[in-house]
Amino acid sequence: MDINEQKSLLEELAPDLLLYEKKIEEKKLPPLPNAVRGRVVTRLPPEPSGYMHIGHAMSGLLNYFYARMYDGRVWLRFEDTDPRKVKLEYYESFRRGYKWLGIEWDYEKNNSDDIELFYDYAEKIIELGKAYVCFCPHEKIKSYRKKGEECEHRSQDVDENLKYWGMMLSGRFREGEAILRLAGDMKSKNTTMRDPAILRIVEYSHPLVGARYRVWPLYDFAVSIEDGICGITHILRTSEFALRDELQNYIRDLVGMSNPTYIEYSRFEFKGTPVSKRKLRAVMEAGLADRWDDPRFPTIEGLKKRGIIPEAIKEFTLTQTGFSYAKREYDWSLLYSVNRKILDPVARRFFFTPNPIKLKIEQLESGEITIPYHPTNRSLGVRKISYTDEFYISSLDAENMKTGDTIRLKYLTNVKITNVSRYEVTGIRVSGGPAQNIPIIQWVPSHKCLNVKVLVPDVLYLDEEEINPESLKIVEGYAEENIVDIKVDEIVQFERFGFCRCDSADDRIFIKAHD
RNA sequence: GCUCCGGUAGUAUAGCCAGGCCAAGUAUGCGGGCCUCUCGAGCCCGAGACCCGGGUUCAAAUCCCGGCCGGAGCACCA
């Protein structure tokens with residue numbers, strides 16, 4: 001017995017064994033540097049200022065998988081320190097999204113829970129002489145930063161800074177009048193080190209803590225302290241943060257916290273489907289979409305509507321990506337393929353005839369056939385279709401027919417075409433079964449079929465700035481009556497048309513995921 | 001503009017740190033065949049890439065320099 005014979009025998013006897021072997025092989029993530037089993041702590045750090053999208057999902061998955069791989073822990077921590085941007089509904093969007101993906105986090109908190117703690121650390125840094133209250137106007141700060149020069153406030157002594165800091169907290173200054181700056185290095189090549197603002201005054205109510213605080217930490221400060229407190233050991237994030245590693249480490253060094261290992265990579269993007277809010281809004285403003293869960297959008301809700309299943313995103317993230325620093329744009333076909341392979345063995349098959357045209361068959365007696373919902377997965381059961389001598393078929397199939405051809409209505413009968421017109425095809429029943437040279441097509445009985453609408457999403461953008469005016473096509477047709485028991489969210493395959501998710505059972509609206 | 005960082009088939013990646021086993025592996029897409037009562041899945045075959053130019057070396061996808069192209073950052077956003 002050679003290896004192939006052995007394999008096929010094994011496949012017959014115990015297919016699970018092979019699958020298992022394959023899964024382990026494929027799902028292996030490269031080892032995480034500096035990782036100790038049981039000690040790894042990662043985090044999901046969403047900013048609740050917009051809907052969760054595929055990029056959040058993939059980054060989240062990576063952080064989650066590595067924690068699991070090393071028997072570690074995961075934090076869900078909302079980076080909600082800009083009261084003006086944060087909205088309540090988005091917190092839940094992320095929780096829902098992560099759950100949908102099967103990510104289980106061990107701990108959850110919001111940065112806004114810890115405002116007083118940030119104050120304590122800020123004070124500590126002021127006492128260290130490493131932070132000062134700056135009163136320079138915005139423009140001046142900017143230009144000094146550019147020149148690499150220090151302003152006069154940097155030389156204030158600790159007591160002065162402590163006094164001003166107290167005034168910031170007590171409301172003696174208005175928003176914009178004073179900020180707390182870290183004494184970094186105005187000459188650093190890394191511009192984030194040039195005395196960044198670490199806390200500022202915000203006179204705006206926060207959705208979670210209201211107007212209780214008027215001084216809010218900025219990103220780098222909040223994140224460094226929180227990562228330290230949470231004991232984060234590994235940060236997997238996109239490369240736009242790369243320049244901040246130095247700053248964040250510096251802040252932790254000042255307060256005696258240890259630093260994590262960073263793994264950074266370029267953003268996950270899909271061709272023609274930007275995640276940027278600006279570009280998505282542009283599509284909405286062009287009147288081409290009106291919801292954030294539009295199936296063409298890269299939001300989690302959009303992906304879900306489109307029939308992309310979480311397992312596919314997981315599998316895709318694990319097997320098709322890497323930690324590349326170069327710009328990348330995934331082709332949708334990569335994700336589709338993974339999605340299709342997971343769906344194929346479990347999706348029920350139905351007959352659907354897009355842009356239908358009538359087919360009349362002579363010498364065919366009415367009857368009923370029983371056919372399987374899946375060609376090989378018997379557990380999906382069978383369905384019945386009754387028929388007369390009148391059918392609908394896809395006009396696409398009809399276009400390829402001419403008088404004299406023989407075609408086959410799948411599972412039913414062979415038909416010799418006697419006439420083809422724009423409005424109708426006629427044929428006569430002929431005996432015989434499926435054969436090599438006879439095309440097999442889908443059909444529905446004309447007396448018992450249902451009107452179905454299928455939304456077919458395409459890319460939003462044709463290139464960087466050019467919006468695709470035809471990103472959503474609508475295909476209408478008839479489907480066999482059995483589709484009535486398809487529930488919302490079920491993904492089925494309309495044979496020779498594609499995998500489609502049921503979006504509305506009542507209105508019989510489907511969304512095509514892919515072929 | 002300044003500062004970082006990248007560039008392997010159409011796309012996404014492995015390999016690069018520790019040069020030779022790479023006439024470059026994998027997935028997807030594409031072409032062809034088999035199988036199948038789907039244009040899906042599965043199986044088999046095929047075409048397809050180391051950005052360019054120098055240098056180091058017996059030997060470079062891998063190291064060095066220059067060029068070109070691309071990305072990120074340059075907030076009192078995250």
Side-chain angles (χ1 to χ4, degrees), chain A residues 4 8 11 25-26 30 45-50 78-82 84-86 111 134 136-138 141-142 145-146 148 175-181 188-192 194 196-202 215-220 222-223 237-244 246 264-271 316 319-338 340-341 343-345 347 349-352 371-372 374-377 394 396-397 408-414 433-436 438-442 493-499 514-515:
Chain A
N4 285 325
S8 59
E11 195 129 33
E25 257 269 298
E26 285 175 357
E47 183 192 27
S49 67
F78 287 99
E79 306 279 339
D80 58 350
T81 49
D82 187 345
R84 268 186 253 269
K85 285 172 74 181
V86 172
N111 285 355
C134 180
C136 295
H138 210 302
I141 292 178
K142 235 175 147 172
R145 187 126 60 204
K146 199 162 188 178
E175 178 168 342
E177 283 177 0
I179 55 169
L180 188 71
R181 285 230 258 171
S188 175
K189 272 186 143 182
N190 181 348
T191 47
T192 61
R194 323 246 260 228
I198 52 175
L199 289 107
R200 85 307 203 171
I201 298 166
V202 181
V215 176
W216 284 85
L218 269 321
Y219 170 73
D220 287 296
V223 102
R237 48 149 69 140
T238 48
S239 55
E240 68 251 38
F241 298 102
L243 251 33
R244 333 210 65 108
E246 186 186 355
E264 281 146 352
Y265 39 81
S266 64
R267 300 166 90 115
F268 300 106
E269 289 185 63
F270 282 80
K271 205 186 226 150
F316 180 79
T319 63
Q320 305 294 313
T321 70
F323 297 130
S324 160
Y325 240 106
K327 180 193 162 87
R328 48 180 161 187
E329 265 188 339
Y330 294 102
D331 195 286
W332 280 100
S333 66
L334 261 17
L335 217 205
Y336 289 163
S337 160
V338 176
R340 181 160 49 228
K341 278 172 193 165
L343 246 23
D344 188 77
R349 268 59 172 174
F350 290 88
F351 286 171
F352 167 62
I371 57 180
H374 191 282
T376 53
N377 184 349
S394 163
L396 223 60
D397 288 328
R408 177 170 177 77
L409 300 189
K410 189 170 178 180
Y411 296 127
L412 217 206
T413 181
N414 291 359
Q436 286 257 316
I438 301 177
I440 297 167
I441 65 166
Q442 276 55 59
Q493 189 204 48
F494 287 142
E495 286 196 36
R496 296 201 308 140
F497 180 81
F499 290 88
H514 44 68
D515 289 338

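FYI, side chains are in, hydrogens and waters are out, and symmetry mates aren't considered; it's all heavy atoms of this structure. Numbered from 1 within each chain, the chains take letters A, B, ... in sequence-line order.
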Participant: Assign A/Asn377 to base, sugar-phosphate, or nothing according to its heavy-atom contacts below 4.0 angstrom with the strands shown.
Facilitator: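 It contacts nothing in the nucleic acid.
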
Participant: So how far is it from A/Leu334 CG to A/Phe316 CZ, rounded to the nearest 0.5 Å?
Facilitator: 5.0 Å

Participant: Please find the pair of heavy atoms, one from A/Arg328 and one from A/Phe268, that lie closest to each other, and give the distance.
Facilitator: NH2-CE2, 3.4 Å

Participant: Measure the distance from NE2 on A/His514 to C1' on B/rU38 and round it to the nearest whole Å.
Facilitator: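 Value for this atom pair: 15 Å.
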
Participant: Taking B/rG40 as the reference, what is the distance to B/rU13 when you measure between their C1' atoms (whole Å, please)?
Facilitator: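 So the two C1' atoms sit 26 Å from each other.
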
Participant: Across all strands shown, which nucleotide pairs with B/rG31 by Watson-Crick or G-U wobble geometry, both distances under 3.5 Å?
Facilitator: B/rC45

Participant: Crowded around A/Arg267 CZ? As in, over 12 foreign heavy atoms under 6.0 Å?
Facilitator: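 Atom CZ in A/Arg267 is not packed in, count stays at 12 or less.
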
Participant: May I ask you to say what A/Glu329 touches in the nucleic acid, namely base, sugar-phosphate or nothing, with a heavy-atom cut-off under 4.0 Å?
Facilitator: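 Touches sugar-phosphate only.
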
Participant: Tell which nucleotide pairs with B/rC50, taking only Watson-Crick or G-U wobble pairs whose two distances are both under 3.5 angstrom.
Facilitator: none

Participant: So which one's nearest nucleotide on RNA chain B is more toward 5', A/Lys341 or A/Arg349?
Facilitator: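 Its nearest nucleotide lies further toward 5', so the answer is A/Lys341.
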
Participant: Minimum heavy-atom separation for A/Ile440 to A/Lys410, with atom names?
Facilitator: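 Minimum heavy-atom separation between A/Ile440 and A/Lys410: CG2-CB, 3.5 Å.
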
Participant: Rounding to a whole Å, what distance do you find between A/Arg340:CZ and B/rG29:C1'?
Facilitator: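 For the pair A/Arg340 CZ and B/rG29 C1', the rounded distance is 10 Å.
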
Participant: Taking any strand in view, what nucleotide pairs with B/rA12 in a Watson-Crick or G-U wobble way, both distances under 3.5 Å?
Facilitator: B/rU26

Participant: Can you sort out the partners of A/Glu329 under salt bridge (Lys or Arg N to Asp or Glu O under 4.0 Å), two or more places apart, ordered by chain and number?
Facilitator: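 By the salt bridge (Lys or Arg N to Asp or Glu O under 4.0 Å) rule, A/Glu329 matches no residue at all.
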
Participant: In Å and rounded to the nearest 0.5 Å, what is the CD to CZ distance from A/Glu495 to A/Arg349?
Facilitator: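 CZ of A/Arg349 is found 7.0 Å from CD of A/Glu495.
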
Participant: Which heavy atom of A/Thr81 sits nearest to which heavy atom of A/Ala222, and what is that distance?
Facilitator: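 Smallest heavy-atom distance, with atoms named: CG2-CB, 4.1 Å.
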
Participant: Just how far, in rounded Å, is P of B/rA12 from CG of A/Leu335?
Facilitator: 14 Å

Participant: Quick one: CG on A/Asp331 to NZ on A/Lys271, what's the gap to the nearest 0.5 Å?
Facilitator: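 With rounding to 0.5 Å, CG (A/Asp331) is 5.0 Å from NZ (A/Lys271).
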
Participant: Could you measure between the two C1' atoms, the one in B/rC21 and the one in B/rG32, and give it in whole Å?
Facilitator: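 It comes out at 33 Å once rounded to the nearest Å.
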
Participant: Given B/rU38, B/rU11, B/rA12, identify the nucleotide with an atom nearest to the side chain of A/Lys271.
Facilitator: B/rU11

Participant: Sticking with atom P, work out how far B/rC45 lies from B/rU62, rounded to a whole angstrom.
Facilitator: 31 Å

Participant: Write down the distance separating the P atoms in B/rC51 and B/rG46, rounded off to the nearest Å.
Facilitator: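 25 Å, rounded to whole Å.
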
Participant: Taking CG from A/Leu334 and P from B/rA27, how many angstroms apart are they, rounded to a whole number?
Facilitator: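 Atom CG in A/Leu334 sits about 12 Å away from atom P in B/rA27.
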
Participant: Counting the atoms with a prime plus P, OP1 and OP2 as sugar-phosphate, which does A/Tyr330 contact under 4.0 Å by heavy atoms, base, sugar-phosphate, or nothing?
Facilitator: sugar-phosphate

Participant: Can you tell me the Watson-Crick or wobble partner of B/rU38, both distances under 3.5 angstrom?
Facilitator: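 Pairing partner: none.
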
Participant: Between B/rG40 atom P and A/Asp344 atom CG, what is the distance in whole Å?
Facilitator: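 Going from A/Asp344 (CG) to B/rG40 (P), I get 10 Å.
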
Participant: Using whole Å, what does the distance between atom C1' of nucleotide B/rG40 and atom CZ of A/Phe351 come to?
Facilitator: 13 Å

Participant: Of all the nucleotides listed (B/rU3, B/rU28, B/rC37), which has the minimum atom distance to the side chain of A/Lys189?
Facilitator: B/rU3

Participant: When the C1' atoms of B/rG15 and B/rG54 are compared, how many Å lie between them, rounded to an integer?
Facilitator: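 Those two atoms are separated by 24 Å.
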
Participant: Could you state the atom-to-atom distance from CZ of A/Arg328 to C1' of B/rA14 in whole Å?
Facilitator: 14 Å

Participant: In whole Å, measure the gap between the C1' atoms of B/rA9 and B/rC30 for me.
Facilitator: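 B/rA9 and B/rC30 have their C1' atoms separated by 12 Å.
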
Participant: What is the pairing partner of B/rG6, taking Watson-Crick or G-U wobble pairs with both distances under 3.5 Å in any strand?
Facilitator: B/rC69

Participant: If you measure from the P atom in B/rC5 to the same atom in B/rG10, how many Å do you get, rounded?
Facilitator: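 B/rC5 and B/rG10 have their P atoms separated by 28 Å.
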
Participant: Return the pairing partner of B/rC74 with a 3.5 Å limit on both distances, Watson-Crick or G-U wobble; otherwise return none.
Facilitator: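 Pairing partner, where one exists within any strand: B/rG1.
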
Participant: Could you encode protein contacts along nucleotides 66-78 of chain B as a string, one character per nucleotide from 5' to 3', using B for base contact, S for sugar-phosphate-only contact and - for no contact, with a heavy-atom cut-off of under 4.0 Å?
Facilitator: ----SSSSSSBBB

Participant: Do you know the tightest heavy-atom contact between A/Ser266 and A/Ser239?
Facilitator: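 So the two residues come closest at CA-OG, 3.7 Å.
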
Participant: Nearest-Å distance, CZ (A/Arg408) to P (B/rU36)?
Facilitator: 14 Å

